[in-house]
Amino acid sequence: MSDASTTRYHPLSRALHWLLGLALVGNFALGLYMVDLPFSPARLQYYSWHKWAGVLVLAFSAVRLLNRLLSPPPALPHAIEAAMPSWQRWAHHATHVGLYVLFFAVPLLGWSFSSAAGFPVVLFGVLPLPDFVPVNESLADVLKQLHELAAFAMAGLVLLHIGGALKHHFIDRDGLLNRMK
C-alpha cells in the first residue's frame with residue numbers, strides 16, 4: 001500500500017468532490033440535450049431543471065471552497081510528487097485552480113444570461129432569485145456565449161482531471177485515487 005492511500009481527504013471533502021462531479025456532468029449533459037430541442041413545455045422544464053442544478057452547483061461550490069479553506073487537502077505524497085515531471089505538477093495545480101474558478105463562473109454566467117434574457121431564475125419553481133443584470137438582448141447574447149464557452153472549458157478540465165486520476169490509478173498504480181475514495 002502506498003502512502004497515497006494513507007493521506008485521504010476529509011470525508012466531507014470526498015463527499016463534496018463526488019457530489020459536485022456528478023452534478024457537473026449531469027447538468028452539462030442536460031445543457032447539451034436541451035439546447036437543440038424545439039420550443040415546447042418539455043424544453044422549458046429542462047431549462048428550469050438546468051437552472052436549478054446550476055444554483056445547486058453554485059451552492060455546493062461555495063461549501064466546497066469553504067471546506068477546502070478550513071480543511072486544506074493533504075499534500076501529495078512525496079514519492080508521487082517526486083515522480084511527477086514539473087509540467088505534470090503544474091498541470092495538476094492549474095487544473096484545480098481552473099476548476100474552482102469555473103465552478104463559480106459557469107453558473108454565475110448562466111444566471112446572468114437568464115436575467116439578461118428576461119427569464120428569471122425561480123428555484124424549484126417557488127423561490128424567485130434576484131436578477132444580476134437588467135433585461136438586455138445584446139448583453140444576453142454575449143453572456144450566453146460566455147456561459148457556453150466556460151461550460152465547455154470546464155468540461156475539458158473535468159476530462160483532464162479524470163484522465164489524470166485514471167493515469168495514476170491504472171498506469172502509475174501509485175494509489176493516488178484512493179485519497180478520494
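A distance of 11.0 Å separates OG1 of T95 from CD of Q88, quoted to the nearest 0.5 Å. With values rounded to the nearest 0.5 angstrom, F113 atom CZ is found 5.5 Å from K144 atom NZ. To the nearest 0.5 Å, the span separating NE2 on H50 from CE on M34 amounts to 4.0 Å.
Sorted by first and then second residue, the side-chain hydrogen bond (donor to acceptor under 3.5 Å, both in side chains) pairs involving residues 53-63 (not counting sequence neighbours) form an empty list. Annotation: ring-ring contact (aromatic ring centres under 6.0 Å, His included) contacts involving residues 131-151, sequence neighbours excluded, comprise W111-F132.
The main-chain N or O of V122 is found under 3.5 Å from a side-chain atom of W52 such that the two form a donor-acceptor pair. Remark: side-chain polar atoms of R64 are not paired, donor with acceptor, to backbone N or O of A59 under 3.5 angstrom.
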* Decide yes or no on side-chain contact (heavy atoms from CB on, under 4.5 Å) for M154 and F28, but give the supporting numbers first. => CA-CA 9 Å; M154 183 160 53; F28 184 76; over 6 Å; no

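Take H17 and apply the ring-ring contact (aromatic ring centres under 6.0 Å, His included) test, not counting sequence neighbours, and it matches H161. The salt bridge (charged side-chain N to carboxylate O under 4.0 Å, His left out) search around D131 returns none, not counting sequence neighbours. Checked against side chain to side chain contact (heavy atoms under 4.5 Å, CB included), N67 has the following partners two or more places apart in sequence or in another chain: L12, S13, L16, S71.
Closest non-hydrogen pair, R68 versus P73, comes out as NH2-CG, 3.5 Å.
By the 4.5 Å side-chain criterion applied to Ile, Leu, Val, Met, Phe, Trp and Tyr, L70 is assigned to a cluster that also includes L66.
Around atom CZ of F119, no more than 12 heavy atoms belonging to other residues, nucleotides or ligands sit under 6.0 Å away.
Of the candidates I80, N178, L177, I80 is the only one forming a side chain to side chain contact (heavy atoms under 4.5 Å, CB included) with H168. Across L20, N27, L22, a single residue satisfies side chain to side chain contact (heavy atoms under 4.5 Å, CB included) together with L24, and that is L20.
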